[in-house]
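Following: one structure in C-alpha cells, then a few remarks.
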Amino acid sequence: MTETSVFAVNPEVAENAWVDEAGYFRLYEQSIADPEAFWGEHGKRIHWMKPFTKVKDVSYAPDDLHIRWFQDGTTNVAYNCLDRHLATKRDDTAIIFEGDDPKDSKHISYGEAYEEVCRLANVLKAQGVRKGDRVTIYMPMVPEAAFAMLACARIGAIHSVVFGGFSPDSLANRIVDCDSNFVITADEGVRGGRKIPLKANTDKALEKCPGVDKVLVLRRTGGQIGWVEGRDLWYHEELAKVSDDCPPEEMNAEDPLFILYTSGSTGKPKGVLHTTGGYLVYASMTHQYVFDYHDGDVYWCTADVGWVTGHSYIVYGPLANGATTLVFEGVPNYPDASRFWQVVDKHKVSIFYTAPTAIRALMREGEGPVRRTSRKSLRLLGSVGEPINPEAWLWYHKVVGDERCPIVDTWWQTETGGILITPLPGATPLKPGSATRPFFGIKPVMVDADGKHLEGACEGNLCIGDSWPGQMRTVYGDHERFVQTYFSTYPNKYFTGDGARRDADGYYWITGRVDDVINVSGHRMGTAEVESALVAHAKVAEAAVVGYPHDIKGQGIYAYVTLVAGEEPSDALRKELVQWVRSEIGPIASPDLIQWAPGLPKTRSGKIMRRILRKIAENDYSNLGDTSTLADPAVVDDLIQHRQNKR
Ligand code: 6R9
C-alpha cells in the first residue's frame, strides 16, 4: 500500500495531554530498559491493601511458562473502582445510561453505584457464592451488568460474561466449561426496538447445565417469562432484603478476576483468564493515557460488556480512574442513523470509542445523519476490533470529528487485557490505517515464518517479546492449550496470531489474522489490504477478501463486495473494480473473482467470519462449521445462492 498522509499532533492537544512526543519516547525507553522499576512505580496507581514488594516474575519458556505480576500484593478491584472515589466523587456521575429508547436515560453517581454493588454482593453471598466460584453474567447493556461484574469482584467470585446475543447453546457451553453454578440475567433485553429473550434463552441453556442452582433475574421490560420456583430469584426483591454494607474481600494480585470466552481459529472457544492486580493496573493506565482521560470528560465506548473492550474500557479502566462512562443499550441505526451523534450531543460526550464496522455502516448512509448534529463536545475518537481502512479513517476524521479530533486506532486482543499498540493523542503523529506505536512496556517483535527476528521496516508475524501486567494468565481449565496456542510457534515470545507491517518510522500496520493472509503467486497479501482498496471505491460499502485454490497462482483472490445503497451490480462495474484494485495496490492484488454480497457473515461483535467465506469461495458447502454465532445466519444461504447462480 502506498504511504498516505501524516496527521501531525495538534500542539494544543499536546499541551493539555498527559504526555507529548518527547514524553512518550522517554517513558517508553524507561519502560523497556527497566520494566521492574517502571511497573514498580506505575503499579502504585491503584490502591493496595498490602503493597507488593515483587513486581514481575515471568518465564515464557514453554516448559516453565508462568506470568506473575505484583504477586505478593493484595487488593480488591471493586474497592478500586468505587470505594476509593467516594471521598471526592460520591455525587459525581459514574455511569450515564442511555437506553435503547432515546427517552430513556439516567445518571448514576459513584455513591449510588457503590451502594448497589454492595447490596448485590451481599445477595451473592447470601445465595452461597464464595470466593473463587464462577458466576455467569448474561445481561443486556444496562448498568446492572457492570454492577454484577463489580459485585463478583467485591467478593472474589470469578465472572464469566456471555454476550447477550449468544444462543442458548453457546451460553450452555460456556457455563459448563467453567463449571459455573450461578447465573445473572434479565427478563428481556431491548436493542433497536426489538426484544431479546434472555431469560427464555437462559431457561433453555440450563436444560443442559444441571450444575446451575440459582438464577438472579433483573426486571428490564416486565415481559412474560417462565419461572422455576426455588431456582429463580428477582434481582429487585433480593437486593431489598440485604444490607448495603459489604466489606471488600482481600484478593491476591494473582487471584482470578474473570474468564472471557473467545473464538480461536480452531476448536471450541477458549476461556481467557485474567487476574486481579496487573489487569487493573494495565486497564486503568491505558484508559488514562490512550484516551487522555481527564476529570470532566464524558467517555463513551460503544462496545458491549460481553466483549473484552466492554470489560476493560467500559467498566474496569474508566471506573478505576473515577471517570464518567456511558453505557448504551441500543444500536447505531435506531431510531435512525443519527443516533450515535444524537447521544454525543445529548450527554456532551468528549471521548468516543467505536469499531470500524460501525463507522463503515454509518458511512454508507452518507454525511447527512452526521452533519445534522453538532458534535462540538467531541475531542477524541477511537477505533478498535479490526484494521480500519484509510477510507473509513478519513471519513471518521473529517465528517465525525470535523478534522478537529485525533483518532486513536487501538490494537489489542481479549488475551492482552488492554491496548498494546496505539497512538497517544498528544504524542503520536497519525497515519490513517496504522495503529502506530507500542504502549509503554510493550515490546513488539516481528518474525518471519521460521521465527527469525526481522529488523527495521519489514512485514511478518507479530509477537510480543516480554510480558505486561494485563496479559492473560492461562486458558481456564486448559493450561496446555495456552502454552500451545501462544508460546509454541515462536519460543520465548507471545504470538499474537496477527500479521503486521512495520514501516521506516517504526509504525505498525496490522494486516489481519495470519490465517487470513493469502499467498498469490508467491506474494504475500493481507486480505485487509485488498479490502481497503475496494472500500476506497465510491460505489463499495464493504468488502471481504479470502484466498481460494487457484491452479496457476496457488491462491487466487476472491472478493465479496457489498455495494453502497442504490448501486446496481453489473459486469461493467465488476471490471471497473478489478481495474481499481490493480491501480490502488498493483496487478498482483487484482481480484480473480468478485461476488456481489448483499450482506457479509459477521459475528455479533461485527467480525467477518472469513472461514465461511473461504468455504463458499471454494464451492465447499458441506462443511461450513458452526454458524450459530453469526449475527444473521441467513446471509450465508444468500451468498451460496449467489455463488451458484449468478456470481
Ligand atoms: C480488542 C479486540 C482481537 C483481534 C486482533 C486483531 C483484531 C483488534 C485492531 C485489530 C487491527 C486494530 N484487531 N483491534 N486489528 N487494528 N486496531 O478486538 O479483541 O475480539 O479478541 O480481537 O482483532 O486481529 O488479533 P478481540
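Atoms within a ligand are numbered from 1 in the order they appear, just like the ligands themselves. Throughout, numbering of the chain's residues begins at 1 and tracks the sequence.
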* CG-CZ distance between Leu381 and Phe352, expressed to the nearest 0.5 angstrom -> 7.5 Å
Below 3.5 Å only, please: the N or O atoms of ligand 1 paired with protein N or O atoms, distance on each line.
residue	atom	partner	partner atom	Å
ligand 1	13 (N)	Gly385	O	3.3
ligand 1	14 (N)	Gly385	N	3.1
ligand 1	15 (N)	Pro387	N	3.4
ligand 1	16 (N)	Glu386	O	3.4
ligand 1	17 (N)	Asp409	OD1	2.7
ligand 1	17 (N)	Thr410	O	2.8
ligand 1	19 (O)	Thr414	N	3.4
ligand 1	20 (O)	Lys607	NZ	3.3
ligand 1	21 (O)	Thr414	N	2.8
ligand 1	21 (O)	Thr414	OG1	2.6
ligand 1	23 (O)	Gly385	O	3.2
ligand 1	24 (O)	Asp498	OD1	2.8
ligand 1	24 (O)	Asp498	OD2	3.1
ligand 1	25 (O)	Gln413	NE2	2.9
ligand 1	25 (O)	Asp498	OD1	3.3
ligand 1	25 (O)	Asp498	OD2	2.7
ligand 1	25 (O)	Arg513	NH1	2.9

* **Test side-chain hydrogen bond (donor to acceptor under 3.5 Å, both in side chains) applied to Ser170 - qualifying residues, sequence neighbours left out** => Ser167
* Structure fact -> Residues pairing under side chain to side chain donor-acceptor pair (under 3.5 Å) where one sits in residues 383-396, two or more places apart or in two chains, turn out to be Arg360-Glu386, Arg360-Asn389
* Shortest non-hydrogen contact from Ile196 toward Gly164 -> CG2-O, 3.9 Å
* Atom NE2 of His479 and atom OG1 of Thr474: how far apart are they, to the nearest 0.5 Å? -> 4.5 Å
* Asked: With Gln413, which residues qualify under side-chain hydrogen bond (donor to acceptor under 3.5 Å, both in side chains), at least two apart?
  -> Tyr494
